[in-house]
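I have placed the structure first, in the form of structure tokens, so that the comments after it can refer back to it.
Quick note: residue numbers are just sequence positions, from 1.
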Amino acid sequence: MQQLTQIELANWLALYVATGLCCAIAFALAWATAAYEIYQERPWLTIRSFRSVALFIPRTWWRWQKLYLTSMPVTLGIVGLFATSLRWG
């Protein structure tokens with residue numbers, strides 16, 4: 001098995017850092033958007049039973065998940081374009 005060169009190792013590290021940074025930004029934006037939407041709708045005013053509490057938590061999680069997962073094409077595009085801009089050889 002051939003070892004990675006210094007350039008390839010640096011490029012892979014840069015790609016992992018760029019991916020982590022894009023995911024962290026997407027996480028923060030999805031969290032902020034979900035919190036804002038929940039604040040606007042005020043669904044806690046309708047919580048009157050244990051069942052409504054039990055359903056509020058998964059609904060909130062699903063709302064955040066949908067917002068976070070919609071960032072995937074953008075993250076892939078950014079990281080893909082960044083990878084093509086690197087010198088690999």
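Between L67 and T70 the shortest heavy-atom distance is O-OG1, 2.7 Å. Summarising the geometry of L15 relative to A83, their closest heavy-atom pair is CD2-CB, 3.6 Å, with the distance given to 0.1 Å.
Note: R42 CZ to I47 CD1 = 14.0 Å, rounded to the nearest 0.5 Å. Taken to the nearest 0.5 Å, the OG1 atom of T19 stands 8.5 Å off from the CG atom of L76. Here Y16 contributes atom OH and N11 contributes atom CG; the two are 12.5 Å apart, rounded to the nearest 0.5 Å.
L29 and L21 end up in the same hydrophobic cluster when Ile, Leu, Val, Met, Phe, Trp and Tyr side chains are linked at under 4.5 Å. Under the 4.5 Å side-chain heavy-atom criterion for ILVMFWY residues, a single connected hydrophobic cluster contains both F27 and W61. Clustering ILVMFWY residues whenever any of their side-chain heavy atoms sit less than 4.5 angstrom apart, transitively, puts L55 in a cluster other than the one holding W62. Two different hydrophobic clusters hold L69 and M72 under the rule that ILVMFWY side chains link at heavy-atom gaps under 4.5 Å.
Contact of the W31 side chain with the Y36 side chain is not registered, since no non-hydrogen atoms from C-beta on lie closer than 4.5 Å. When side chains are defined from C-beta on, L86 does not count as touching I7, because their heavy atoms never get closer than 4.5 Å. With contacts defined as side-chain heavy-atom distances shorter than 4.5 Å, the pair Y39/E37 does not qualify. Between P43 and I38, the closest side-chain pair of non-hydrogen atoms falls below 4.5 Å.
Of the possible polar contacts, none joining the W64 side chain to the R59 backbone as a donor-acceptor pair under 3.5 Å is found. Judged by distance alone, the side chain of T33 and the main-chain N or O of A30 form no donor-acceptor pair under 3.5 Å. Checked by atom type and distance alone, the side chain of R48 pairs as donor or acceptor with a backbone atom of L45 at under 3.5 Å.
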Show your reasoning for whether salt bridge (charged side-chain N to carboxylate O under 4.0 Å, His left out) applies to E8 and R87.
CA-CA 8 Å; E8 291 171 335; R87 290 187 55 190; over 6 Å; no
